[in-house]
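Have a look at the structure below, then the notes.
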Amino acid sequence: QVQLRESGGGLVQAGGSSGLSCAASGRTFSNYAMGWFRRAPGKEREFVASISWNGGSTYYADSVKGRFTISRDNAKNTVNLQMNSLNTEDTAVYYCAASSSPVPSVRSLEYIYWGQGIQVTVSS
């Protein structure tokens, strides 16, 4: 089992920046690729970013590429999402997830552990 807890987020103005952090506990964190997903109001959950077990590979949704940065610290069992140039379309509940594999994926079905989610609201 891996327990995930997100922190950060909240209310931010359009054009601003915010950061999310996900703390993992339980089984060996460094074995898993990690990902961030989000669910906007009235929409399905969508992929945001993922990172390989050692941080060597990262993937981003086209909608956040160049604005968001995913990183991880295996010594601290954390994965972070730095979000810049936020716009109102980034408003969503953001979820941290741990994959069943060390290789990152954009597919939510490959993630077996999920955090409870944290709200990010971008105001215009």
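The figures that follow rest on heavy atoms only: side chains count, while hydrogens, waters and symmetry mates do not.
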Minimal non-hydrogen separation, [X] against [Y], with atom names:
X: Ser124; Y: Ala14; value: CA-CB, 4.2 Å
X: Val48; Y: Val64; value: O-CG2, 3.5 Å
X: Cys96; Y: Met34; value: SG-CE, 3.6 Å

Heavy-atom check, side chain of [X] versus side chain of [Y], under 4.5 Å:
X: Leu81; Y: Tyr94; value: yes
X: Asn54; Y: Ser30; value: no
X: Ser7; Y: Leu20; value: no
X: Met83; Y: Val120; value: yes
X: Ser101; Y: Tyr32; value: no

* **Full working for side chain to side chain contact (heavy atoms under 4.5 Å, CB included) between Asn87 and Arg67** => CA-CA 10 Å; Asn87 57 61; Arg67 299 188 299 122; 3.6 Å; yes

Once rounded to the nearest 0.5 Å, what's the spacing between atom [atom1] of [X] and atom [atom2] of [Y]?
X: Thr121; Y: Asp90; atom1: OG1; atom2: CG; value: 11.0 Å
X: Ser71; Y: Ile51; atom1: OG; atom2: CD1; value: 6.0 Å
X: Cys22; Y: Gln3; atom1: SG; atom2: CD; value: 11.0 Å

* **Crowding at CZ, Arg5 (>12 non-hydrogen neighbours, <6.0 Å)** => no

* Within a radius of less than 6.0 Å around CD of Gln13, do more than 12 heavy atoms belonging to other residues, nucleotides or ligands occur? -> no

* Asked: Can you check side chain to side chain contact (heavy atoms under 4.5 Å, CB included) on Leu86 and Ser18, steps first, answer last?
  -> CA-CA 8 Å; Leu86 286 161; Ser18 185; 3.9 Å; yes

* To do: List the steps, then state whether side chain to side chain donor-acceptor pair (under 3.5 Å) holds for Asn80 with Ser21.
  => CA-CA 4 Å; Asn80 303 301; Ser21 185; 2.9 Å; yes

* **N-O pairing of Arg38 and Glu46 below 4.0 Å** => yes

Under 3.5 Å, side chain of [X] to main-chain N/O of [Y], donor-acceptor pair present?
X: Tyr111; Y: Ser105; value: yes
X: Glu6; Y: Ile118; value: no
X: Tyr60; Y: Ile70; value: yes

* Does one side chain, of Thr91 or Glu89, offer a donor that lies under 3.5 Å from an acceptor on the other? -> no

* Do the side-chain N and O atoms of Asn84 and Gln82 include a donor-acceptor pair separated by under 3.5 angstrom? -> yes

* Asked: Thr78 and Arg72: side chain to side chain contact (heavy atoms under 4.5 Å, CB included), yes or no, with the steps?
  -> CA-CA 6 Å; Thr78 58; Arg72 68 188 296 162; over 6 Å; no

* Can you check side chain to side chain contact (heavy atoms under 4.5 Å, CB included) on Leu4 and Tyr95, steps first, answer last? -> CA-CA 9 Å; Leu4 303 173; Tyr95 298 89; over 6 Å; no

* Spell out, yes or no, whether Tyr59 and Phe68 are grouped together once hydrophobic residues are joined by side-chain heavy atoms under 4.5 Å, including indirect joins. => no

* Within 45° cone of Trp114 ring axis and under 6.0 Å: Arg45 NZ or CZ -> yes

* Is the Phe47-Trp36 ring centre distance short of 6.0 angstrom? -> no

